[in-house]
Amino acid sequence: MTSRSCPCGLPQAYEACCGRYHSSEAAAPTAEALMRSRYCAFVKGDAGYLLRTWHPRTRPATLEPDPRMRWTGLEILGTSDGSAFHAAGTVEFRASYRGGSLHERSRFERVDGAWVYVDGEFLP
C-alpha cells in the first residue's frame, strides 16, 4: 500500500475511495464497500461516520475509537449478497492491528436505500 492509497486496501487514493463516503459526497454502493469504508473510518478515528452507518436498532448512543489502536490491514475473506440488487448482505473479513487481528462476519441491511452495519459475529 502506498502512502496515497486508501487504508481499506484498494489501490485508489483515499479521497477517491472511502473519503467520498466519509464526506457524504457519495454513498457506499455495496455492503463490501460500506465495510471497507467503516474499516477506514476506524483507521482514521471517524466516530461520526461509524455512527451514521450503523443500523438504528443496533447503534450505540456513543462511540469513542481508541486513539492508540493501530489498524494495519484489511482482508475481505468472502461476501454474500450485498449488491445493488439486495436488501441485505454479509461480509467476512480479517482486520489486522498492531499485535493481532479481528476475524468477523458482519451483517448489513439497507435503510432508506443506504447500506448500514447491523452487527457482527466474531470468528476464531
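Treat the numbers as computed from the prediction; the structure is a model and nothing was measured.
- Scanning all heavy atoms of the two residues, the minimum distance from S23 to R20 falls at OG-O, 3.3 Å.
- Distance NE2/H22 to CZ/R52: 8.5 Å, rounded to 0.5 Å.
- Within the hydrophobic cluster formed by Ile, Leu, Val, Met, Phe, Trp and Tyr side chains joined at under 4.5 Å, directly or through other members, I76 is accompanied by Y21, L34, M35, Y39, F42, V43, Y49, L50, L51, W54, L63, M69, W71, L74, V91, F93, Y97, L102, F108, W115, Y117, F122.
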request  = Take R36 and L10, measure what side chain to side chain contact (heavy atoms under 4.5 Å, CB included) needs, and give me the verdict at the end.
outcome  = CA-CA 9 Å; R36 286 181 178 278; L10 294 178; 3.8 Å; yes

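- Side-chain atoms of S5 and P11, non-hydrogen and from C-beta on, never get closer than 4.5 Å to each other.
- In this structure, a donor-acceptor pair under 3.5 Å is absent between the side chains of R98 and T72.
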key: Trace of the side chain to side chain donor-acceptor pair (under 3.5 Å) decision for E104 with S106   = CA-CA 6 Å; E104 181 177 315; S106 294; 2.6 Å; yes

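- To the nearest 0.5 Å, atoms CG (D81) and CD (E109) are separated by 12.0 Å.
- For the atom pair CD of E92 and CZ of R105, the computed distance is 5.0 Å after rounding to the nearest 0.5 Å.
- Salt bridge annotation for D46-K44: absent, with no cationic side-chain nitrogen under 4.0 angstrom from a carboxylate oxygen.
- Across all non-hydrogen atoms, the minimal contact from P29 to R110 is O-NH2, 4.0 Å.
- Rounding to the nearest 0.5 Å gives a distance of 4.0 Å between CZ of R38 and OG1 of T53.
- No side-chain heavy atom of C6 sits under 4.5 Å from any side-chain heavy atom of Q12.
- T58 and H55 share no donor-acceptor pair across their side chains, judged by distance under 3.5 Å alone.
- Once rounded to the nearest 0.5 Å, the distance linking OG of S37 with CD of E32 reads 11.0 Å.
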